[in-house]
**Q** 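Before we start, here is the structure in question, set down as structure tokens.
First listed ligand is number 1; within each ligand, the first listed atom is number 1. All figures in this text were calculated on a predicted structure; none of them were measured in a lab.
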Amino acid sequence: MPFMRIDKLISQWGFGSRKEVKTILKQGAVTVDGHVVTRPETRIDPEVSVIYVGDELIEYEKYVYIMMNKPDGVISATYDEEDNTVIDLLEDKYQWMSLFPVGRLDKDTTGLIILTNDGGFAHRALSPKKHVEKVYVAQLDKEIGEKEIGVFAAGVMLDDGYRCMSAVLEGLTDNYAKITIKEGKFHQVKRMFAAVGIDVLALKRIAFAGIDLDEGMATGEYRRLNENEMNIVANLLSKD
Ligand code: URA
């Protein structure tokens, strides 16, 4: 983390606009390593300095992990010329944190996407060698049967000749199906169903790397990962 201006940092931590923070600084309410800092342009390293605003200790977090229920029509990227991205949906305080989505969902796919600034986590979660599980619910144009379940278990051959790893397919009611895959090829789920002559009408991811989508969250909502979910992240990070 490079040195940052104290007024920018404090503002980003939610203490008001840069102008409001200037007033707070002038009042002598901010200390850095025990010394009162009044100049807004003072540069500090939040990773090593102990910063108080009044009697509130500012707890600096190097990495942030957010779960979002991605809405239809939003791009899983950090920037797009035309459409809203998952990052655009975040409130201001997250905009400076260099967050990015871990992997991609199609524009019309909804459900669980993790946003973080932890490149190490993203690397491990997306590594083809790690076989991290992704679970989707698909609305299909027809019902699946034992034949499709068998083909998915054996490994579907995609349109480009790639043979997928074994996947678990489970029929739900009303032409819905649950599918668990351990890889992440481009449009993989839609292409797997296309290979057996089935169209995916809607796709939602309900789990990623052992983290379940919080079904209490409406599409477009997001929240920090909770303690249990952070343990899953830590576990993944601890593996080589
Ligand atoms: N497979 C797809 O086809 N689309 C997604 O968004 C994710 C997996």
**Q** Would you verify whether the NZ or CZ of K204 falls within 45 degrees of the ring axis of Y136 while also being under 6.0 Å from that six-membered ring's centre?
**A**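 Cation-pi check for K204 and Y136: fails.
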**Q** Would E229 and R223 satisfy salt bridge (Lys or Arg N to Asp or Glu O under 4.0 Å), going step by step from the backbone distance to the final call?
**A** CA-CA 12 Å; E229 293 154 355; R223 64 157 172 80; 2.8 Å; yes
**Q** List, ordered by chain and residue number, the protein residues whose closest non-hydrogen atom lies under 4.0 Å from any atom of ligand 1.
**A** L105, D106, T109, Y136, H187, Q188, V189, K190, L203
**Q** Taking the basic N atoms (NZ, or NE/NH1/NH2) and the acidic carboxylate oxygens, is any pair closer than 4.0 Å for K190 and D108?
**A** yes
**Q** Quick check on the hydrophobic clustering: are L140 and I181 connected, directly or via other members, by side-chain heavy-atom contacts under 4.5 Å?
**A** yes
**Q** Please answer whether the main-chain N or O of T109 pairs with a side-chain N or O of R205 as donor and acceptor at a distance below 3.5 Å.
**A**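 Here the side-chain-to-backbone pair does not exist.
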**Q** Hey, is K130 close enough to E183 for a salt bridge, meaning N to O under 4.0 Å?
**A**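 Salt bridge flag = no for E183 with K130.
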